[in-house]
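I have placed the structure first, in the form of structure tokens, so that the comments after it can refer back to it.
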There are 2 protein chains.
Amino acid sequence: MHPDRRLTRNQDAVLAVLQEQRSPLSAQALYRLMRDRQPMGLATVYRALDVLKLNGLVQHRVSLEGESLYSSIHQDLHYLTCLHCGQSFVLDHCPVERLEDQIQTSGSFKVYYHTLEFFGLCEPCAHPAAPTPSTVHVDDESTADGEV
Amino acid sequence: MHPDRRLTRNQDAVLAVLQEQRSPLSAQALYRLMRDRQPMGLATVYRALDVLKLNGLVQHRVSLEGESLYSSIHQDLHYLTCLHCGQSFVLDHCPVERLEDQIQTSGSFKVYYHTLEFFGLCEPCAHPAAPTPSTVHVDDESTADGEV
DNA sequence: AGTAGAATGAGAATGGTTATCATTCTAGAA
DNA sequence: TTCTAGAATGATAACCATTCTCATTCTACT
Ligand SMILES: [Mn+2]
Ligand SMILES: [Mn+2]
Ligand SMILES: [Zn+2]
Ligand SMILES: [Zn+2]
């Protein structure tokens, strides 16, 4: 396909559906959503996402589980993710918006989007409760009341 | 495995090799490197990386191609990546080091590491050369000298 | 030494993504 | 309008990094 050709009906539909979403979607989830709008093959969904990405209309990140997630280029979400339980917390604002313009201006590189994510342990996972009774060898009942 | 147990010989070896690297490695590349140091099964490499990650000793990101890349927790590299040719340019410094401490302090979340990457088109890919002669229908030679 | 739990290795299974290829569209040319 | 080359599409096979399974080996502790 030519890099700068008008979008096809399918590509348009994929873009439209993505722009209605509040959070990133996987290609497969998108494929299922398209059934009610503009049914198309799974391969076509992947190809449409590629085209849209190359045209700066869609952004693409890969979760730690290896799943590709897509969203409108206008979305700007960032997460704090726990490595233990997988739970994610959304940051209340993007800390690098400025920087993007800066890179844009100073260099010979056209920036479309960025990824930013913090990883670590959430409160509960960082301070696990005392071992559950079933895993404790109770040799002396005077030490078995769960203090930490 | 217990979350806070001393590292095994294999886990130690994986960590040591990772700390010698200048750039992130895939699990498979690491597996091949281990042959000359401390041969172990591929599954063990994956498991070791998991343990090290959960202990805040190793960081983990996933490339756009879906390949997991690992590096020492002390590495702090960020890239500007071209969506068309795949070429990556290393940023000369990390723009969010401060922010990480900030999140650390203000919240109830223990931050181990972060990812940050910019995507777009590099100079050559953003301004492709005139179409190659073989793809051009030359109907009028007066317009065929490649100006943009 | 005896034992329970953890670690390990080999290989099978998984599953998201990509490649293949025959068919259908589509935008221009004639 | 009709023709035609190139692009897009869909069904499905292939790919391949990662995870799962399970029998075996270690390791720390009694
Ligand atoms: Mn942002
Ligand atoms: Mn950094
Ligand atoms: Zn957690
Ligand atoms: Zn490029």
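A note on names: the letters A, B, ... follow the listed sequences, proteins ahead of strands, and every chain is numbered from 1.
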Listing request: all side-chain hydrogen bond (donor to acceptor under 3.5 Å, both in side chains) pairs with a residue in residues 23-46 of chain B, at least two apart in sequence or in separate chains. E20(B)-R37(B)
Protein proximity profile, nucleotides 17-24 of chain C - base contact B, sugar-phosphate-only contact S, no contact -, cut-off 4.0 Å on heavy atoms: BBBB----
Residue pairs passing the salt bridge (Lys or Arg N to Asp or Glu O under 4.0 Å) test where at least one lies in [range], sequence neighbours excluded:
range: residues 110-122 of chain B; value: R61(B)-E117(B)
range: residues 41-55 of chain B; value: none
range: residues 76-91 of chain A; value: none

Can you check nucleotides 26-30 of chain D for protein contacts, nitrogen or oxygen pairs under 3.5 Å, and list what you find?
residue : atom : partner : partner atom : Å
dT27(D) : OP1  : R9(B)   : NH2          : 3.0

Starting from [atom2] on [N], measure out to [atom1] on [X] and report it in whole angstrom.
X: K53(B); N: dT19(D); atom1: NZ; atom2: C1'; value: 13 Å
X: L25(A); N: dG16(C); atom1: CG; atom2: C1'; value: 15 Å
X: L7(B); N: dA7(C); atom1: CG; atom2: P; value: 10 Å
X: M40(B); N: dA10(C); atom1: CE; atom2: C1'; value: 16 Å
X: D12(B); N: dA7(C); atom1: CG; atom2: C1'; value: 14 Å
X: Q11(A); N: dC25(C); atom1: CD; atom2: C1'; value: 13 Å

Min side-chain heavy-atom separation C85(A)-C122(A) under 4.5 Å: yes
Partners of L52(B) by side-chain contact (heavy atoms from CB on, under 4.5 Å), sequence neighbours excluded? L7(B), V14(B), L15(B), L57(B), V58(B)
Mind checking side-chain contact (heavy atoms from CB on, under 4.5 Å) for I73(B) and listing every partner two or more places apart, or none if nothing turns up? Q59(B), Y112(B), Y113(B)
Might you point out which heavy atoms bring L33(A) and V17(A) nearest each other, and give the distance in Å? CD1-CG1, 3.9 Å
Angle separating the five-pair end axes of the helix from dA1(C)-dT30(D) to dA30(C)-dT1(D), nearest 10°, is 30°
Measuring to OP1 and OP2 of dT9(D), would you say a side-chain N or O of N10(A) lies under 4.0 angstrom away? yes
Report yes if at least one side-chain N or O of T8(B) is closer than 4.0 Å to OP1 or OP2 of dA6(C); otherwise report no. no
Side-chain polar contacts of residues 63-72 of chain A - donor-acceptor pairs under 3.5 angstrom, sequence neighbours left out - could you list them?
residue : atom : partner : partner atom : Å
S63(A)  : OG   : E65(A)  : N            : 3.3
S63(A)  : OG   : E65(A)  : OE1          : 3.4
S63(A)  : OG   : E67(A)  : N            : 3.2
S63(A)  : OG   : E67(A)  : O            : 3.4
S68(A)  : OG   : H60(A)  : NE2          : 2.8
S72(A)  : OG   : H74(A)  : N            : 3.0

Those residues at least two apart in sequence (or on a different chain) that pass side chain to side chain donor-acceptor pair (under 3.5 Å) with Q75(A) are none
Extract all donor-acceptor atom pairs below 3.5 Å that involve side chains of residues 87-102 of chain A and protein atoms in other chains or at least two apart in sequence.
residue : atom : partner : partner atom : Å
S88(A)  : OG   : T81(A)  : OG1          : 2.8
E100(A) : OE1  : H114(A) : ND1          : 2.4

